[in-house]
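What follows is a short report on a single structure.
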Amino acid sequence: MGNVLDVLQERGFVEQVSDPEGLRQALAKPVTFYIGYDPSASSFHCGNLLTIMAAAHMQRHGHRPILLVGGGTGMIGDPSGRSEMRQLLDEERIAQNVAALRAQLARFIDMDRALLLNNADWLLELRYIPFLRDIGRHFSVNRMLAAEAYRARMETGLSFIEFNYQLLQAYDYLYLHRQYGCTLQMGGNDQWGNILAGVDLIRRIEGAEVYALTFPLLTTASGAKMGKSASGAVWLDAEQYSPFDFYQYWINTHDDDVERFLRIYTFLPMDEIKELGRLRGADIRQAKARLAYEVTSLVHSPAAADQARDASLALFADGDVSDAVPSTTLDARELAEGIPVLTLFERVGLCGSRSEARRLIQQGGAYVNDERIESVDAVLSSEDVVTGELLLRAGKKRYHRITIE
RNA sequence: GGGCAGGUACCCAAGCGGCCAAAGGGGACUGACUGUAAAUCAGUUGGCUACGCCUUCGGAGGUUCGAAUCCUUCCCUGCCCA
């Protein structure tokens, strides 16, 4: 088994590394590393997926992950517009979120050989004076101000809280180093400065050499932030983002992103990825299908991936409906009385408002059972039901199934 | 605490008494073209019981026939001073 660093580099996980040679040598033996996560949501999204994959690669090479949720730092994350009450509530919710996040992580990481920690456990009890005396004195304001990240913020204003964020994150690293022998912190490239601050702090206080590695901040070829779709973030949670839509998200990957994403978001061997990457023209769809299948399979399950794949093929190749398409049930009596298309599109969430549904119809983007709705006033009744269902479609790709009962 | 500049729709940003549901750009959506891609072109982009009505221009009052535009006050942001 080679060095993980090579694997990470080959697959495109590495943006910057402090002391590459030192880290390479350190990784020859099992190390403990950590990655921080924001616990303000109850699910990870595609943006986090990259870091989870990286952690999984690390663990597969014998290293021990610490997944750190920022329950403490999260409470000061965004100081503007938050009341005291709000923050207290958050503390309770964080606990629930952490449980949900743990379940998602377990799909990628053997949680028996990993640690899931919350920095609130040690940050909340910090005392100000000792902290200033022991930690604060190692930080140079001059140096912090010189950092690019802060210089940019100097234009728009930088609150004292934000300024302290770096100290707390550095302290996290120090804490984990002391308690668990953590010698590597990984994170998004925007965290580079904060991570290095931790590296410095540990060197000063402990005299130990620890490492930093950052991931590239992925954007799609069209410039959008990774993991964002029209309907918001692409969540890993099936409740918040159905496996079918999830699969579709990946199928719709930009041509130029396919190989890059295969490297990062799947465990497929590099040979196979390179082969898929050589596909050109319409054949690239095969690579996209593979990508979508693999990622869906990892995040949800092989069964869900099968279903999503079949549903996708059926809809876009044969025009058949499948169980995996998001669906809603409708009372047969209500349908018998007649229900306006407008209402239905709005109700199932295909449109955000009735006006939006009206526009959709006027622009010719509304379909029921693959027939274009021509009139804004169209009303559906029992006669429109085919094999117990109605199939709604908004535009080319957004489907919703209505089952009648 | 003082002075100055600001807070406009998803984001950026015009408007500075009526012609403003509010220019322009970005984004997004729909249509055409296509490979469920990109690029390109066209249209749309507050809500509704819809050729009309209602709610929006930081909050609350006020002036006026009429305000996003003027006045008062409060909140918030940035810069400068303390």
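In what follows, chains carry the letters A, B, and so on, assigned in the order in which the sequence lines appear, proteins first and then strands, with residues in each chain numbered from 1. Just the heavy atoms: all of them, side chains too, but no hydrogens, waters or symmetry mates, feed the values below.
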In the structure shown, which nucleotide is the Watson-Crick or G-U wobble counterpart of C10(B), with both distances under 3.5 Å?
-> G26(B)
Which value, in whole Å, describes the distance between the C1' atoms of nucleotides U49(B) and U44(B)?
-> 23 Å
Any-strand Watson-Crick or G-U partner of U64(B), both distances under 3.5 Å = none
What is the nucleic acid contact for Ile251(A), judged by heavy atoms within less than 4.0 Å: base, sugar-phosphate only, or nothing?
-> base
Rounding to a whole Å, what distance do you find between Asp377(A):CG and C51(B):P?
-> 11 Å
Within 6.0 angstrom of Gln179(A) CD, more than 12 heavy atoms from elsewhere | yes
Base, sugar-phosphate, or nothing: which does Arg280(A) touch, judged by heavy atoms less than 4.0 Å apart?
-> nothing
Nearest-nucleotide check on RNA chain B, Arg372(A) vs Ser353(A); residue mapping nearer the 5' end is Arg372(A)
Rounded to whole angstrom, note down the C1' distance from C79(B) over to A9(B).
-> 27 Å
Side-chain N,O (Arg398(A)) to OP1/OP2 (U30(B)) below 4.0 Å = yes
Between Ile373(A) (CD1) and U30(B) (P), how many Å, whole number?
-> 16 Å
Phosphate contact (U49(B) OP1 or OP2) by Arg354(A) side-chain N/O below 4.0 Å | yes
Would a line drawn from the ring center of Tyr247(A) to the ring center of Tyr293(A) be shorter than 6.0 Å?
-> no
Separation of Tyr180(A) OH from Leu68(A) CG (nearest 0.5 Å) | 10.0 Å
Same-atom distance (P) from G31(B) to G25(B), integer angstrom = 23 Å
Short side-chain N/O contact to G47(B) OP1/OP2 from Arg359(A), under 4.0 Å = yes
Between C20(B) and U34(B), how far apart are the C1' atoms? Round to whole Å, please.
-> 40 Å
Would you verify whether the NZ or CZ of Arg260(A) falls within 45 degrees of the ring axis of Tyr265(A) while also being under 6.0 Å from that six-membered ring's centre?
-> no
Give none if A5(B) has no partner; otherwise give the nucleotide forming a Watson-Crick or G-U wobble pair with it, both distances under 3.5 Å.
-> U77(B)
So how far is it from His177(A) NE2 to Arg203(A) CZ, rounded to the nearest 0.5 Å?
-> 12.0 Å
Nearest-Å distance once atom C1' is located in both C57(B) and G46(B) = 12 Å
Under 4.0 Å between a side-chain N/O of Lys397(A) and OP1 or OP2 of A37(B), yes or no?
-> yes
Indicate syn or anti for C76(B), taking the glycosidic torsion and treating anything within 90° of 0 as syn.
-> anti
Less than 3.5 Å between a donor and an acceptor, one on the side chain of Asp255(A) and one on the base of G35(B), is that the case here?
-> yes
Whole-Å P distance, G58(B) and G7(B) | 7 Å
Assign Gln362(A) to base, sugar-phosphate, or nothing according to its heavy-atom contacts below 4.0 angstrom with the strands shown.
-> nothing
When we call it a touch if two heavy atoms are under 4.0 Å apart, what does Ala394(A) touch: a base, just sugar-phosphate, or nothing?
-> sugar-phosphate
Closest contact, heavy atoms only, Gly364(A) versus Arg372(A) | O-NE, 3.0 Å
Round to the nearest Å and state the distance from Trp250(A) atom CH2 to G35(B) atom P.
-> 25 Å
Does Lys396(A) make a side-chain N or O approach to OP1 or OP2 of G31(B) shorter than 4.0 Å?
-> yes
Between atom CG in Asp257(A) and atom P in A39(B), what is the gap in whole Å?
-> 12 Å
Distance in Å, Ile264(A) CD1 paired with His57(A) NE2, rounded so as to fall on 0.5 Å steps = 9.0 Å
Under 4.0 angstrom, heavy atoms only, what part of the nucleic acid is Ser355(A) near: base, sugar-phosphate, or nothing?
-> base
In whole angstroms, how far is the C1' atom of U45(B) from the CD atom of Glu356(A)?
-> 9 Å
d(CD1, Ile361(A); P, G31(B)) in whole Å | 13 Å
What do you reckon, are the aromatic ring centroids of Tyr241(A) and Tyr249(A) less than 6.0 Å apart?
-> no
Nearest whole angstrom, please: distance from the P of U30(B) to the OH of Tyr399(A).
-> 12 Å
How far does the C1' atom of C71(B) sit from the matching atom of C81(B), given to the nearest Å?
-> 28 Å
With the side chain of Asn252(A) defined as its heavy atoms from C-beta on, choose the nearest nucleotide among G35(B), A37(B), U36(B).
-> U36(B)
Atom pair distance, as rounded to whole Å: NE2 in His254(A) and C1' in A39(B) = 9 Å
Sticking with atom C1', work out how far A14(B) lies from C74(B), rounded to a whole angstrom.
-> 27 Å
Now, which nucleotide makes the Watson-Crick or G-U wobble pair with U40(B), with each of the two distances under 3.5 Å?
-> A32(B)
Considering heavy-atom distances to RNA chain B, does Ile284(A) or Arg358(A) have its closest nucleotide positioned more toward the 5' end?
-> Ile284(A)
Looking at U36(B), G43(B), G35(B), which one has an atom nearest to any side-chain atom of Gln363(A)?
-> G43(B)
